[in-house]
Amino acid sequence: MATLSQWRQGARPRTLPAAFAPVAAGTGAAVWQLEALHGSVDWSLVIPRALLALAVSFSLQIGVNYANDYSDGIRGTDDDRVGPFRLTGSGAARPATVRRAAIGALALGGLFGLVLIVLAQIWWALIIGAAAIAAAWFYTGGKKPYGYLGLGELFVFVFFGLVAVNGTAYAITGALSWVALSASIAIGLLAVALMLTNNLRDIPTDRIAGKRTLAVRLGDRGTRMLYAATLVVPFVLMVPVMVVQWLAALVLLALPLAIGPVRTVLGGAAGRDLIPVLGATGRLELVYSVLLLIGLLL
């Protein structure tokens with residue numbers, strides 16, 4: 001039986017910034033929009049909806065991590081894993097138990113999402129919510145998981161970038177904005193960087209297992225160059241936002257956090273040497289989103 005510590009490791013806490021960041025960015029964009037249009041903000045509306053969006057995001061992130069653990073484990077993809085601890089692949093937990101944990105987390109995310117939809121009266125978002133849950137499961141689950149076809153980064157960009165940021169902002173304001181769109185592209189790229197870190201490290205074992213991730217398709221050098229781009233471009237995307245809200249320039253304070261991981265990846269680090277890069281990338285996304293939130297709130 002897996003210990004609580006092992007379940008925590010299986011939830012992969014280093015990936016949780018990818019769940020927090022889009023909600024922070026979306027909330028910041030929403031508050032900026034409300035102040036620009038109305039000159040004031042109803043915090044009794046903003047805070048509950050932002051917290052519900054955060055609950056949805058965290059639940060789905062943990063759910064996809066457990067689902068990935070389960071599906072890769074039963075396929076044997078994690079048999080020779082060099083990355084973070086996995087519950088199924090290590091034998092610490094029975095596959096059925098990990099599967100139930102994944103379904104439970106995804107169902108909880110769906111429940112929080114339903115409450116948010118009812119509160120915001122955006123019934124069409126039920127379709128997007130169902131798609132997000134399906135994307136979480138079929139990343140490595142099902143007969144033809146899209147993560148094995150090199151589409152993982154695309155779906156992460158869409159659901160943990162475009163959908164999560166714009167969805168949060170829309171649930172609060174009832175409208176879309178170009179600031180939210182810019183932030184969603186930036187956050188989506190940083191979320192892609194997190195996945196690229198994992199997939200770069202796993203290129204050798206994924207090739208053997210027949211897992212054709214984007215990293216496997218691009219090759220070692222191409223993946224490293226793409227990783228560097230996903231860390232640099234988000235700062236460029238905020239330049240137009242700085243023009244209308246100069247305090248958004250606070251995100252530039254996160255730029256030094258990109259130097260270390262980019263240098264490590266471009267320097268050729270491989271295997272276990274890439275594990276710290278995952279944490280560093282997560283910290284960058286977290287700090288970037290918090291600074292953007294502050295810059296848009298002030």
Side-chain angles (χ1 to χ4, degrees), residues 1-19 57-110 132-156 159-160 191-217 223 270-279 281-282:
M1 182 180 295
T3 64
L4 286 176
S5 176
Q6 288 174 323
W7 278 105
R8 185 189 67 80
Q9 292 179 65
R12 298 171 66 190
R14 289 181 179 179
T15 66
L16 293 183
S57 193
F58 271 113
S59 298
L60 293 185
Q61 180 67 61
I62 293 172
V64 73
N65 287 343
Y66 282 145
N68 180 223
D69 187 303
Y70 163 75
S71 297
D72 276 353
I74 62 173
R75 281 190 170 87
T77 307
D78 290 337
D79 288 351
D80 298 311
R81 185 172 179 80
V82 297
F85 174 81
R86 290 295 182 93
L87 290 158
T88 308
S90 68
R94 289 180 298 180
T97 305
V98 179
R99 182 173 182 270
R100 284 194 293 270
I103 293 173
L106 295 176
L108 187 61
I133 292 174
W137 181 260
F138 290 108
Y139 167 51
T140 53
K143 294 182 179 180
K144 292 185 177 180
Y146 64 85
Y148 282 61
L149 301 175
L151 298 175
E153 284 80 2
L154 174 61
F155 277 76
V156 162
F159 286 102
F160 281 95
V192 166
L194 275 172
M195 178 168 282
L196 284 173
T197 305
N198 277 323
N199 290 341
L200 173 63
R201 182 197 62 229
D202 295 339
I203 285 177
T205 54
D206 283 346
R207 277 202 181 113
I208 295 172
K211 188 175 181 180
R212 299 281 294 170
T213 64
L214 181 62
V216 171
R217 291 176 180 273
T223 303
R272 294 190 179 277
D273 291 336
L274 285 169
I275 295 177
V277 175
L278 178 62
T281 306

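Taking the centre of each ring, Tyr146 and Phe155 come in below the 6.0 Å mark.
In summary, the side chains of Asp202 and Thr213 do not present any donor paired with an acceptor at a separation below 3.5 Å, with no hydrogens or angles considered. A donor atom on one side chain and an acceptor atom on the other are found under 3.5 Å apart for Tyr148 and Asp72.
The shortest heavy-atom contact between Leu106 and Ala136 is CD2-CB, 3.6 Å. The heavy-atom pair separating Ala102 from Gly63 by the smallest distance is CB-O, 3.8 Å. The shortest non-hydrogen separation linking Gly282 to Pro17 is O-CB, 3.2 Å.
In this structure a side-chain-to-backbone donor-acceptor pair under 3.5 Å is present from Thr223 to Ala215. With hydrogens and angles ignored, the 3.5 Å screen pairs no side-chain donor or acceptor of Ser71 with any backbone N or O of Asn68. A distance-only check finds no donor-acceptor pair linking the side chain of Asp69 to the backbone of Arg86 [under 3.5 Å].
The shortest side-chain heavy-atom distance between Arg12 and Leu194 does not fall under the 4.5 Å cut-off. In this structure the side chain of Met195 reaches within 4.5 angstrom of the side chain of Tyr139, judged on heavy atoms. Looking at Thr140 and Tyr70, their side chains never come closer than 4.5 Å, going by heavy atoms from C-beta outward. Residues Pro145 and Arg75 form a side-chain contact, since some pair of their non-hydrogen atoms from C-beta on lies under 4.5 Å apart. Between Trp7 and Val98, some side-chain heavy-atom pair lies under the 4.5 Å cut-off. For the pair Val277 and Arg201, the minimum side-chain heavy-atom distance is 4.5 Å or more. Using a 4.5 Å heavy-atom cutoff, the side chains of Lys211 and Val216 are not in contact. At a threshold of 4.5 Å between non-hydrogen side-chain atoms, the residues Arg100 and Thr97 count as touching.
The environment of CZ in Arg94 is sparse: at most 12 heavy-atom neighbours from other residues, nucleotides or ligands sit within 6.0 Å.
Taking OG1 of Thr197 as the start and CD1 of Ile275 as the end, the distance is 11.5 Å to the nearest 0.5 Å. The line from CG of Asn199 to CG of Leu274 is 11.5 Å long, rounded to the nearest 0.5 Å. Note that CH2 of Trp137 and CG of Leu60 are 13.5 Å apart. Values are rounded to the nearest 0.5 Å.
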